[in-house]
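This report refers to the structure that appears directly beneath it.
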Amino acid sequence: MASYYGKKLVINLFGESHGPAVGITMDGLPTGFEIDEVELRNFMDRRASGNSDLTTQRKEADLPEFISGIFQGKTCGTPLTILIRNGDAKSEDYGELHDVPRPGHADYTNHIRLSGDEDYRSGGHSSARLTAALTAGGGIAKQMLEDWGITVDAKLIEVDGNSENFDEIIAAAKEEGDSVGGIIECTIKGVPAGFGDPIFDGIENRFSQMIFAIPAVKGIEFGDGFQLARMKGSESNDAFDFDEEGKVITLTNHQGGILGGIANGMDIVFRVAFKPTPSISKTQQSISYSKGEVVELQVKGRHDPCVALRGVPVVEAAAAITMLDFLL
């Protein structure tokens with residue numbers, strides 16, 4: 001399966017939502033780097049479930065176990081592998097899904113692609129549970145980038161089409177047995193001009209490939225994105241100037257810090273659209289493989305009414321891994 005990403009820094013995500021564990025292997029990390037495990041845990045806790053009434057109540061410790069790649073507290077040049085054990089899975093909630101796929105999920109497409117041999121429990125390898133491993137790897141990448149003066153920060157800017165009152169909107173959707181989507185904005189500061197490549201290996205290309213590995217992501221835009229199509233060239237072009245130290249800057253940043261797939265030295269800015277969580281408690285129409293007929297499905301289990309809420313550190317993690325790969 002295509003669970004690998006990267007050129008100089010190659011990562012591999014493995015595991016299933018209700019299997020023994022999920023994890024990540026990172027091959028190509030710089031040697032001699034001392035990982036701050038407290039900082040890493042704090043970062044991972046931002047993604048962790050069960051800490052709010054507005055997230056799934058599946059409670060996982062998400063303790064990163066370093067299996068390889070660390071010696072005497074520092075990266076040692078071999079592939080770094082992190083294991084995160086699963087502990088609060090309730091597989092009995094998903095038995096029906098072997099025959100009846102959830103609308104909006106990868107249940108049906110995985111069933112077809114894998115000829116019925118897929119792990120259907122909560123999405124298996126396609127589950128958002130794997131973002132715990134992605135966040136662990138991204139937390140390490142963030143620490144390395146910060147040593148080079150590069151920061152990656154994201155924030156939730158929209159929920160269900162609204163720019164405020166997020167908690168109330170999500171709570172209302174949960175009460176109705178429904179879900180809502182959201183938009184996350186990510187800003188990367190400190191990237192020197194010149195990083196990136198034209199055509200297929202441009203910054204937008206590589207970031208998009210990584211970001212779309214996050215379950216529920218359905219859109220990405222850089223700078224002013226689709227709004228640029230509604231502007232004139234005289235409005236969208238970012239005029240060049242010099243700052244007080246003689247460094248080339250632009251007076252605006254409509255392009256999101258990227259020109260021709262290459263960083264121009266300004267902040268790299270992109271936004272990510274998350275769809276509403278497909279698993280909702282409202283009754284939905286589906287099909288039965290065995291019966292060959294239309295049936296009704298009421299999804300069981302514990303699910304986020306808005307996956308974008310916990311998606312903020314995941315976007316940061318994905319962006320950090322991609323940026324570190326560029327720098328290497």
Side-chain angles (χ1 to χ4, degrees), residues 1-3 13-22 49-50 54-58 60 86 88-134 159-161 169-183 208-209 211-220 272-311 314:
M1 297 183 70
S3 300
L13 291 176
F14 59 87
E16 294 81 37
S17 176
H18 285 212
V22 296
S49 60
L54 301 181
T55 67
T56 173
Q57 294 306 294
R58 176 175 175 174
E60 296 285 1
N86 297 326
D88 189 27
K90 293 185 177 180
S91 300
E92 63 273 13
D93 289 338
Y94 299 93
E96 187 178 8
L97 303 185
H98 184 55
D99 186 54
V100 181
R102 294 169 295 179
H105 267 284
D107 296 346
Y108 170 72
T109 48
N110 277 329
H111 181 79
I112 297 299
R113 183 178 180 276
L114 299 173
S115 303
D117 294 322
E118 75 283 359
D119 182 345
Y120 54 84
R121 299 169 299 173
S122 192
H125 189 65
S126 298
S127 170
R129 176 68 186 142
L130 272 76
T131 62
L134 182 64
V159 170
D160 195 29
I169 294 169
I170 296 171
K174 179 181 178 181
E175 181 67 24
E176 296 170 3
D178 218 328
S179 62
V180 290
I183 296 176
S208 296
Q209 182 184 1
I211 294 299
F212 276 110
I214 303 172
V217 168
K218 297 300 287 185
I220 187 171
V272 182
F274 282 76
K275 69 180 182 181
T277 316
S279 290
I280 56 177
S281 58
K282 285 190 172 183
T283 300
Q284 302 176 81
Q285 178 178 306
S286 185
I287 57 170
S288 165
Y289 302 134
S290 62
K291 297 177 181 178
E293 62 185 32
V294 171
V295 297
E296 289 189 340
L297 173 68
Q298 187 172 28
V299 177
K300 301 175 183 178
R302 301 154 296 173
H303 307 281
D304 291 272
C306 178
V307 290
L309 190 61
R310 292 199 293 137
V314 182

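What you find for P278 and P103 is that their closest heavy atoms are CB-O, 3.5 Å. Of all heavy-atom pairs spanning G181 and C306, the tightest one is O-SG, 4.1 Å. When all heavy atoms of R102 and S279 are compared, the pair lying nearest together is NH1-OG, 3.3 Å. A216 approaches V307 most closely through the heavy-atom pair CB-CG2, 3.7 Å. Of all the heavy atoms in P276 and S179, the pair that sits closest is CB-OG, 3.4 Å.
Between the CD1 atom in I287 and the CG atom in D99 there is a gap of 9.0 Å [rounded to 0.5 Å]. Distance check: D160 CG to I183 CD1 gives 11.0 Å after rounding to the nearest 0.5 Å. Going from atom CZ of R310 over to atom CG of L54 covers 11.5 Å, rounded to the nearest 0.5 Å. The structure places CD1 of I280 at 10.0 Å from CD of Q298, a figure rounded to the nearest 0.5 Å. The CD atom of E16 sits 9.0 Å away from atom CG of N86, with the distance rounded to the nearest 0.5 Å.
One N or O on the side chain of T277 and one on the backbone of D304 form a donor-acceptor pair closer than 3.5 Å. Here the side chain of Q284 pairs no donor or acceptor atom with the backbone of L297 at under 3.5 angstrom.
Sorted by first and then second residue, the pairs that involve residues 280-296 and meet salt bridge (Lys or Arg N to Asp or Glu O under 4.0 Å), not counting sequence neighbours, are D178-K282.
Among residues two or more places apart in sequence or in another chain, the side-chain contact (heavy atoms from CB on, under 4.5 Å) test is passed with Y108 by P101, I112, Y289.
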Dump the intermediate steps for side-chain contact (heavy atoms from CB on, under 4.5 Å) on I170 and V180, then the final yes or no.
CA-CA 7 Å; I170 296 171; V180 290; 4.2 Å; yes
Report the C-alpha separation of V217 and F274 in whole Å, then their side-chain angles, then the decisive distance to 0.1 Å, and conclude whether the side-chain contact (heavy atoms from CB on, under 4.5 Å) test is met.
CA-CA 5 Å; V217 168; F274 282 76; 3.7 Å; yes
